[in-house]
Amino acid sequence: MPEIDFQTIELEHLYFDPENPRLPLSVDGDDERQVLEWMLDDAGLVELMGSIAVNGYFAAEPLLVTKRKSGDGYWVLEGNRRLAAVRLLNEPSLAPIRRQAVHKIAHEVADGVELTNLPCAVFERREDVLDYLGYRHITGVKQWEPEAKARYLQSLYLLHRDSAGGDIYRVIARLIGSRSDYVVRLLASLALHDQMRTDQRLAQQLAASAIPFSLLTLAMSYETIVKYLGLDALEVAVVESEQGPADAEALRDVATWLYRELPDLGRTQLGESHNMKLLAQSLSNDRGVDALRNGEIVEEAARASIDPDALIVRAIRQSIERLVIAQSLLHRSEVTDATLQAVEEIEDLVDQLGGAIRRKAKRNMVQDA
């Protein structure tokens, strides 16, 4: 267990963590203005400021910090939102957005509330904090969003990769109290997500904000989607690559199907996330893939992917099942004109279908002869 030194540290010596896994790639962690703008874009920060202004800083939740390698001061590894709230309460002029709300709350700080020194738990190394953060934010009570979880797992992967060998995913899973397949899925999804964001052709079609990470992690649960991306297994995607782990064209296809909205329909080809299994089914053969590339929604592409012979047999068997139900209910029913008409329609359709199937079977026999 690493030694922890509890101190009260002046606000001016505390700095946002540039490696904060919650920061999106579009935010420069070394640029305080960008960090504050990103945090203020979340309405929860203003609410947190209001709570601290009235009640003061809750001393029982110290910031987790470690000394900066160069220069004075400390990186705040845990508690960056609380640091932002306190910094803006002290200097509302730092707010790049929502200035009016920030200034209003800053002038409402209660008498006796002291916000120039904050309680901190000082760790000797960044690595000493990782195990705690893993449990707390990956499987614990204050869970991060999926992308933040994945970026944190990436830091664990880089830290333990050389020492853990082939057991790296099991090691990380133990640290966070989860399963190794979950670790692999998040790390692979992060690598693919980053490849999407750096693809210039995709950037012209999709804004970075239009690529929700959680949808990609769901997609990586399906083997046919993973195979379509040119990956033999998800572990392959975790290995660092300058070009990105997936086949570029295949990844553009998947990104298009998941994220590009069809103006005429007001939805993506995927539609709802629960349609992911239909996308996976569509990618099981060339018929489904062609349908997707032609702009069909996944419901239609999934139908196209099914072998026509199998579809016919399935439809006929479903009809038989329903007719068996009708037969079992006949003794409880009065035979009406509607019933007779329905039966006659079925008889006509069976005659037509049976004749067409037999004629086609004979033609096939002649062609094969």
Side-chain angles (χ1 to χ4, degrees), residues 19-27 138 143-159 161 168-169 172-173 176 178-261 268-284 288-289 292-293 298 301:
E19 299 179 32
N20 182 353
R22 298 186 70 185
L23 293 176
L25 291 178
S26 57
V27 175
I138 305 296
Q143 295 190 26
W144 282 329
E145 292 298 316
E147 184 178 355
K149 292 180 183 181
R151 295 206 180 279
Y152 167 75
L153 292 180
Q154 186 181 57
S155 67
L156 283 180
Y157 174 84
L158 295 174
L159 176 64
R161 173 180 52 186
I168 177 62
Y169 305 114
I172 296 174
I176 66 172
S178 186
R179 300 194 319 269
S180 56
D181 61 330
Y182 174 75
V183 171
V184 172
R185 183 151 56 94
L186 255 67
L187 286 173
S189 300
L190 181 62
L192 296 170
H193 198 243
D194 288 347
Q195 184 179 345
M196 284 182 183
R197 283 181 158 174
T198 55
D199 188 307
Q200 294 302 313
R201 283 173 57 184
L202 276 177
Q204 295 173 4
Q205 301 178 38
L206 305 169
S209 59
I211 309 179
F213 183 78
S214 58
L215 201 57
L216 186 58
T217 63
L218 177 60
M220 292 305 98
S221 302
Y222 293 88
E223 184 179 359
T224 54
I225 300 178
V226 173
K227 298 292 186 186
Y228 182 79
L229 292 172
L231 304 171
D232 294 330
L234 272 181
E235 287 83 352
V236 177
V238 182
V239 180
E240 296 176 47
S241 167
E242 289 185 7
Q243 292 78 28
D247 176 82
E249 287 299 329
L251 188 63
R252 289 177 192 130
D253 283 343
V254 171
T256 298
W257 302 330
L258 293 182
Y259 302 123
R260 189 181 66 184
E261 186 163 319
T268 62
Q269 283 177 261
L270 175 70
E272 300 294 330
S273 60
H274 62 251
N275 287 336
M276 194 68 74
K277 61 184 178 182
L278 297 179
L279 175 61
Q281 180 181 321
S282 303
L283 296 180
S284 62
V289 172
L292 288 168
R293 287 177 174 168
V298 293

Tell me which pairs pass salt bridge (Lys or Arg N to Asp or Glu O under 4.0 Å) where either residue lies in residues 182-194, with sequence neighbours left out.
R151-D194
Holding to side-chain contact (heavy atoms from CB on, under 4.5 Å), I want the full list of residues that pass it with [X], two or more places apart in sequence or in another chain.
| X | value |
| --- | --- |
| T198 | none |
| A250 | Y228, L229, D247 |
| A301 | S282, A291, L292 |
| S180 | Y169, A173 |

Run the side chain to side chain donor-acceptor pair (under 3.5 Å) test against [X] and tell me which residues pass, sequence neighbours left out.
| X | answer |
| --- | --- |
| Q269 | none |
| Q200 | none |
| D181 | R179 |
| R201 | E249 |

Could I get the full list of salt bridge (Lys or Arg N to Asp or Glu O under 4.0 Å) partners for E19, not counting sequence neighbours?
R126
For the residue pair A246 and L192, what are the closest heavy atoms and their distance?
CB-CD2, 3.4 Å
Quick one: list whatever passes ring-ring contact (aromatic ring centres under 6.0 Å, His included) with F213, sequence neighbours left out.
H193
